[in-house]
Amino acid sequence: MTDRTDQTDQTGRIDLGPAAQRVTTLLSGVSDDQLGAPTPCGDYSVGELLDHFMGFTIGMRDAARKITGGPGPQPRPGRGSAEGLDPGWRRELPRRLDDLAAAWRDPAAWEGTTQAGGVTMAADAIGLFALDELVIHGWDLARATGQPFDCDRSSAEAIVGLLSAFPEEARGGGFGPVVTVPEDASVLDRAVGLSGRDPAWRAAG
């Protein structure tokens, strides 16, 4: 992992822009014939993962803005669908990633409570889950498509803190059993292991 400039401001809020931009950069490296390929995220294919990105970017953007059930495209619940992937995802997903990052740059986004996926909790916790989605699923996409991936240290440490506090019995969906990593593992590898993925995962072939 390459350490970059700390993305946390003096209030503890994290700029989601760098993580969102990394995902956008990966998109140009995804070929159409990779959409059916497996990813480290359980049985998600690349196409399903991209459809998940299309949905959660809207949901987490609206969570930052404290919007529930507003007009416009709504994220589908549950796992992504390769068949449901918008054929214009190459154009639309970068825009949604930018909107997501911009929404969480508003200090008010991190205050009070908000809702995402039908769950209401502290807004700053949901902001961290948005960061986790960007970084961990960004890593998933990079590994599945044979691309490099890095993350600034402050973002990776924030995810380690979030997932370390996640009770084992509450794991499910995108969080599998913790994968133990070496003591000298990078912070990003620790975050990946805590998310239930093997940092050594590589696409076949």
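Since this is a predicted model, take the numbers as computed values, not measurements.
Gln147 CD to Leu26 CG: the interatomic distance, rounded to the nearest 0.5 Å, is 5.0 Å. Distance CG/Leu131 to CZ/Arg13: 14.5 Å, rounded to 0.5 Å. To the nearest 0.5 Å, atoms CD (Glu157) and SG (Cys151) are separated by 9.5 Å. For the atom pair Cys41 SG and Glu48 CD, the distance stands at 9.5 Å (nearest 0.5 Å). For the atom pair Met54 CE and Leu97 CG, the distance stands at 9.5 Å (nearest 0.5 Å). Annotation: the span from Leu100 atom CG to Leu134 atom CG amounts to 5.5 Å, rounded to 0.5 Å.
The two atoms that bring Lys66 and Trp110 nearest to each other are NZ-N, 4.5 Å, heavy atoms only. Counting all heavy atoms, side chain and backbone alike, Ala101 lies closest to Ala20 at CB-CB, 4.2 Å. Closest approach of Ser164 to Leu194, counting heavy atoms only: OG-CD1, 3.5 Å. The two residues Ala63 and Ile126 make their nearest non-hydrogen contact at CB-CG2, 4.0 Å. Of all heavy-atom pairs spanning Ile14 and Ala158, the tightest one is CD1-CB, 3.3 Å. Nearest heavy atoms, Phe129 versus Met121: CE1-SD, 4.0 Å.
Each of Val181 and Trp139 belongs to its own hydrophobic cluster when Ile, Leu, Val, Met, Phe, Trp and Tyr are linked at side-chain heavy-atom distances under 4.5 angstrom. Under a hydrophobic-cluster definition in which Ile, Leu, Val, Met, Phe, Trp and Tyr are linked whenever side-chain heavy atoms come within less than 4.5 Å, directly or via other members, Val187 and Val179 are assigned to different clusters.
Partners of Asp99 under the side chain to side chain donor-acceptor pair (under 3.5 Å) rule, at least two apart in sequence or in another chain, are Arg95. Residues satisfying the side chain to side chain donor-acceptor pair (under 3.5 Å) criterion with Thr120, sequence neighbours excluded, are Gln115.
Looking at Trp89, its side chain never comes within 3.5 Å of a backbone N or O of Phe53 through a donor-acceptor pair. Between the Arg197 side chain and the Val192 main chain, no donor and acceptor come within less than 3.5 Å of each other. Remark: side-chain polar atoms of Thr39 are paired, donor with acceptor, to backbone N or O of Tyr44 under 3.5 angstrom.
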If you look only at distance, which donor and acceptor atoms sit under 3.5 Å apart when one is on a side chain in residues 28-37 and the other is two or more places apart or in another chain?
residue: Ser28; atom: OG; partner: Thr25; partner atom: O; Å: 3.1
residue: Ser31; atom: OG; partner: Asp33; partner atom: OD1; Å: 2.4
residue: Ser31; atom: OG; partner: Gln34; partner atom: OE1; Å: 3.3
residue: Asp32; atom: OD1; partner: Arg90; partner atom: NH2; Å: 3.0
residue: Gln34; atom: OE1; partner: Ser31; partner atom: N; Å: 2.9

key: Step-by-step side chain to side chain contact (heavy atoms under 4.5 Å, CB included) determination, Val135 to Phe149   = CA-CA 9 Å; Val135 172; Phe149 186 82; 4.2 Å; yes
request  = Take Arg22 and Asp150 through the test salt bridge (Lys or Arg N to Asp or Glu O under 4.0 Å) and record every step on the way to the result.
outcome  = CA-CA 8 Å; Arg22 288 186 191 95; Asp150 68 353; 3.3 Å; yes
key: Asp15 vs Arg105, side chain to side chain contact (heavy atoms under 4.5 Å, CB included): CA-CA, chis, key distance, verdict   = CA-CA 6 Å; Asp15 182 3; Arg105 288 194 182 104; 3.1 Å; yes
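Note: Phe56 and His137 have tilted aromatic rings, judged against thresholds of 30 and 60 degrees for the angle between ring planes.
Side-chain atoms of Val46 and Leu141, non-hydrogen and from C-beta on, do get closer than 4.5 Å to each other. For the pair Val178/Leu163, no side-chain contact is recorded, criterion being any heavy-atom separation below 4.5 Å from C-beta on.
For Arg91, the CZ atom is loosely surrounded, since the number of other residues' heavy atoms within 6.0 Å does not exceed 12.
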